K.L.:
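If you scroll down you'll find the structure; I have some questions about it.
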2 protein chains.
Amino acid sequence: MANIQDVADAAGVSTASVSRFLAGQKVRTADAIRAAIKALDYTPSTIARSLKTGRHNAIGVVVPDITNPFFAGLVRGIEDQARVKGYDVILGNSDESPTQEEALVQALIKRVDGLIVAPIIEEDQSILSLSKTSVPVVLVDRSVTSTNYDSVLVDNIGGITLAVDHLVALGHTQIAFISGPFTSTPGRARHTGYVIASAARNLDHHPEFVIEGDFREESGDAAMRQLWNLPNRPTAVVVANNLMTIGALKALRELDVAVPAQMSIVGFDDLSFAELLQPPLTVIARGDNDQGSRAATLLFGRIQGTRTRSGEVMTLPVQLIVRKSTAAPLATTSGTPISSATTPKETTAL
Amino acid sequence: MANIQDVADAAGVSTASVSRFLAGQKVRTADAIRAAIKALDYTPSTIARSLKTGRHNAIGVVVPDITNPFFAGLVRGIEDQARVKGYDVILGNSDESPTQEEALVQALIKRVDGLIVAPIIEEDQSILSLSKTSVPVVLVDRSVTSTNYDSVLVDNIGGITLAVDHLVALGHTQIAFISGPFTSTPGRARHTGYVIASAARNLDHHPEFVIEGDFREESGDAAMRQLWNLPNRPTAVVVANNLMTIGALKALRELDVAVPAQMSIVGFDDLSFAELLQPPLTVIARGDNDQGSRAATLLFGRIQGTRTRSGEVMTLPVQLIVRKSTAAPLATTSGTPISSATTPKETTAL
DNA sequence: TTGAAAGCGCTAACAG
DNA sequence: CTGTTAGCGCTTTCAA
């Protein structure tokens, strides 16, 4: 591979001139340099450039799992912005593990100009320690217990409130909640939304109606089974993310329970195929791609020095999309006192 | 940030010793160096290291769209392998555009040790030109017209044959095919599979039964409508990828056609939620994650010099998963001659 | 085993 | 506008 010296020699100029030419500055010998570059098929070494300038032209993105459609959309939004700015994106999957996240962040921090991460837990040491470095960081979807970070979140509480209100309007009073980990922002915030909305609607408090999952499909499945096996089971459930919703739906199907007749369900995060599900899924939707591009915009603002102070937090709106997985509860299901329903026939016969 | 010189000074040794210590070689002053590193919180600059060694510890991955669940799974498989080997992965979305792919490849080639790409078209200039560089490349899912590349593909022809045979066994004779672009490997190969399998089963040849889509959801939707509007419409359709299948399903729903009663459908590529669709989708499945990790393994074999010759092509098996979107055709639908169906009433009245 | 020193390819003063 | 030159931080001969 030809280097800048070769080009300089071929063009009969100094390396400095070639460098200037490359930077778009005016040079008298532009034509000769251009010719030499073409003749030698020269492309500058990004590595050498980075070593000299300290810039990498790359950003890092750390998400729990690219396989989750939400994060795929998010990453796509980021990627598109990055390409426009001429930056590469280095992807890392933390797999919902703080340890793995820490390792990724430590590895990436040395080869990127900025980092976008969806931190697993709010007490995230690896993220918190990032404030000591000079690399700009923006948090997305999830936050940490510090106000110093730029972050783009969604209105979790408002979203869950929308879901609960919708269910209440339908006549439900027994509403369960399959939560994400309380240690994460969306886990905690959505649960808070459930608690607040339930209280606002004067729903009875059933501690057994909230089950803490881990945002993965299997935990949604398990939680749904647990809910269904309750002696006093709920008539509706709101699920804190897309993967757990799929798990819950699978459980419901295997359990042979009719949705929404026997159980209404609303999920968090829309899916491209939500309307094709059986039944079409009622969801709280947000723009994944949009959330990604906003995060990227925030990050590039800091990288390019347009914005010097961090700590800006954007909270994006969400929207309830009503489809067919929610309906009024069966008349018999809940209103009736438990005692009468469970009293043996013999007793009434006396 | 402390550099190697600082550490050397603090430990009272030369930079060479620190470098050797870092490389895991035996050094007398190991303890002092270790202490200095810890005291200064030193981490070596990957950039400087790269400039010196020519290695980047990163691989590039170029796929059409990370938002497609198949590619998300593929990338995940690659990522996991890469992390184990200590490599970062730089992601690029070509968006089914050869131009964009070319730009990505050109940009990545300079900062990675190897490249995994799913080329948009088989006559791919940007990929073909890669053979001149020294960077190892492995092709995945899609190939190019050259035998010199390592590639991991799937048994496209076998998969489509499985689908057609399944449909024929059910009693279908009017089977349509929504294809991907003929310029791409899976587009061409799956179409070939359709042609071969149809011929083997002595199915009538209906040129209007194959529609060339672009692998995206919208084109599946459009193709399905086109098929449905045919005067002599098919009773079953096989769709060449997951996104187009979703599109076709949406069209069918809007058209109010009952699946599988009025139209049987089998998709290529399984989806985590395929069984939750209405109806649960019959598909040709393959291991996306597995395909990714195999590609990664092939690539690292070349990067680390274990394998010196390229040109190895792996063809992974596929599997038919029968669910509920396929059934026997309605008795009336096809057997009847077209003439009788389309002949105006007036004519018969004469 | 160790240190001195060269140099990977580039950019950015600096001096002209 | 141009060339000379000094590094960016590291690895790796080469000699000791």
Side-chain angles (χ1 to χ4, degrees), chain A residues 1-37 39-58 86 88 106-107 109-113 133-135 305, chain B residues 1-37 39-58 86 88 106-113 133-135:
Chain A
M1 272 290 279
N3 63 21
I4 200 172
Q5 186 63 256
D6 298 331
V7 174
D9 292 350
V13 297
S14 71
T15 60
S17 286
V18 179
S19 181
R20 290 189 187 104
F21 170 81
L22 257 20
Q25 297 178 32
K26 280 234 123 41
V27 231
R28 241 191 286 282
T29 45
D31 289 341
I33 295 175
R34 208 186 330 267
I37 287 176
L40 297 168
D41 192 26
Y42 166 77
T43 55
S45 153
T46 56
I47 292 291
R49 205 171 250 182
S50 288
L51 181 60
K52 182 66 190 174
T53 62
R55 271 172 269 116
H56 298 133
N57 289 300
D88 286 329
Q106 293 308 330
I109 204 70
K110 297 196 301 265
R111 39 165 58 205
V112 298
D113 300 317
T133 63
S134 57
V135 182
Chain B
M1 272 291 280
N3 64 21
I4 201 173
Q5 187 63 255
D6 299 330
V7 174
D9 292 350
V13 297
S14 71
T15 60
S17 287
V18 178
S19 180
R20 291 187 187 108
F21 170 82
L22 256 22
Q25 297 178 31
K26 279 234 128 30
V27 221
R28 242 194 284 285
T29 47
D31 290 340
I33 295 174
R34 208 185 330 268
I37 287 176
L40 296 169
D41 192 26
Y42 166 76
T43 53
S45 153
T46 56
I47 293 293
R49 206 170 249 182
S50 287
L51 180 59
K52 187 62 193 175
T53 63
R55 270 173 268 116
H56 302 248
N57 288 299
D88 286 329
Q106 292 308 330
L108 290 186
I109 203 71
K110 297 198 300 266
R111 37 164 62 207
V112 298
D113 300 316
T133 64
S134 58
V135 181

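Every value quoted in this text rests on a predicted model; they were computed, and no experiment measured them. The chains referred to below are lettered A, B, ... by the order of the sequence lines, with proteins before strands, and numbering in each begins at 1.
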K.L.:
Of the listed nucleotides (dG9(C), dC10(D), dT1(C)), which one gets closest to any side-chain atom of Arg28(B)?
P.N.:
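The answer is dT1(C), which lies nearest to the side chain.
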
K.L.:
Just how far, in rounded Å, is P of dG9(D) from NZ of Lys110(A)?
P.N.:
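After rounding, the gap between these two atoms is 15 Å.
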
K.L.:
Grab the two heavy atoms, one from Ser45(A) and one from Ala48(A), that are nearest each other, plus how far apart they are.
P.N.:
OG-N, 3.0 Å

K.L.:
Measure across Ala8(A) and Thr15(A) and return the closest heavy-atom pair with its distance rounded to 0.1 Å.
P.N.:
CB-N, 3.7 Å

K.L.:
Could you check Phe21(A) against Val13(A) for side-chain contact (heavy atoms from CB on, under 4.5 Å), going step by step and ending with a plain yes or no?
P.N.:
CA-CA 11 Å; Phe21(A) 170 81; Val13(A) 297; over 6 Å; no

K.L.:
Determine the minimum heavy-atom distance between Ala36(B) and Val7(B), stating which atoms define it.
P.N.:
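So the minimum-distance heavy-atom pair works out to CB-O, 3.8 Å.
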
K.L.:
Map Gln25(A) and Ala2(B) onto DNA chain D by nearest heavy atom, then report which one ends up closer to the 5' terminus.
P.N.:
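Looking at the nearest nucleotide for each, Gln25(A) comes out on the 5' side.
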
K.L.:
By nearest heavy atom, map Thr53(B) and Val18(A) onto DNA chain C; which one lands nearer the 5' end?
P.N.:
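The 5'-side residue here is Thr53(B).
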
K.L.:
Of all heavy-atom pairs between Ser50(B) and Ile47(A), which one has the smallest distance, and what is that distance?
P.N.:
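So the two residues come closest at CB-CD1, 3.7 Å.
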
K.L.:
Mind running side-chain contact (heavy atoms from CB on, under 4.5 Å) on Leu22(B) and Tyr42(B) for me, showing each step along the way?
P.N.:
CA-CA 11 Å; Leu22(B) 256 22; Tyr42(B) 166 76; 3.9 Å; yes

K.L.:
Roughly how bent is the helix from dT1(C)-dA16(D) to dG16(C)-dC1(D) end to end, in steps of 10 degrees, with each end axis from five pairs?
P.N.:
40°

K.L.:
For the pair made of CG in Asn3(A) and P in dG9(C), what is the distance, rounded to whole Å?
P.N.:
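Whole-Å distance recorded here is 5 Å.
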
K.L.:
Which nucleotide in the set dC1(D), dT11(C), dG9(D) lies at the smallest distance from any side-chain heavy atom of Leu51(A)?
P.N.:
dG9(D)

K.L.:
How many Å lie between NZ on Lys52(A) and C1' on dC8(C), as a whole number?
P.N.:
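To the nearest whole Å, that distance equals 14 Å.
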
K.L.:
Between Ser14(B) and dA4(C), is there a side-chain N or O to OP1/OP2 distance below 4.0 Å?
P.N.:
no

K.L.:
What is the separation between atom CG on Leu22(A) and atom C1' on dC1(D), rounded to the nearest whole Å?
P.N.:
17 Å

K.L.:
Phosphate oxygens OP1/OP2 of dG3(C): is one of them under 4.0 Å from a side-chain N or O of Ser17(B)?
P.N.:
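So the side chain of Ser17(B) is within the cut-off, an N or O lying under 4.0 Å from OP1 or OP2 of dG3(C).
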
K.L.:
What nucleotide among dA4(C), dT2(D), dT4(D) has an atom nearest to a side-chain atom of Val27(A)?
P.N.:
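Among the listed nucleotides, the one closest to the side chain of Val27(A) is dT2(D).
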
K.L.:
Just by modelled atom types, is the Arg49(B) backbone N or O under 3.5 Å from a matching donor or acceptor in the Thr53(B) side chain?
P.N.:
yes

K.L.:
Give the residues of residues 40-50 of chain A touching DNA chain C, defined as any heavy atom closer than 4.0 Å, sorted by residue number.
P.N.:
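Hits under 4.0 Å, by residue number: Tyr42(A), Pro44(A), Ser45(A), Ala48(A), Arg49(A).
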
K.L.:
Counting heavy atoms from C-beta on, name the nucleotide in dT2(D), dT2(C), dT11(D) closest to the side chain of Ile4(B).
P.N.:
dT11(D)

K.L.:
Between Thr29(B) (side chain only) and Ala32(B) (backbone N and O only), is there a donor and an acceptor less than 3.5 Å apart?
P.N.:
no

K.L.:
Out of dA12(C), dT2(D), dA4(C), which nucleotide sits closest to the side chain of Arg20(B)?
P.N.:
dA4(C)

K.L.:
Among dT2(C), dA12(C), dG3(D), find the nucleotide with the atom closest to the side chain of Arg55(A).
P.N.:
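The closest nucleotide is dA12(C).
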
K.L.:
What pair of heavy atoms forms the shortest contact from Arg111(A) to His56(A), and how long is it?
P.N.:
C-ND1, 3.2 Å

K.L.:
How many Å lie between CD on Gln5(A) and P on dG3(D), as a whole number?
P.N.:
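So the CD-P distance, Gln5(A) to dG3(D), works out to 12 Å.
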
K.L.:
Can you tell me how far P of dC10(C) sits from CZ of Phe21(A), to the nearest Å?
P.N.:
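Roughly 14 Å, once rounded to whole Å.
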
K.L.:
Taking Asp6(B) for the side chain and Asn3(B) for the main chain, is one N or O donor matched with an acceptor at less than 3.5 Å?
P.N.:
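Yes; at least one donor-acceptor contact below 3.5 Å.
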
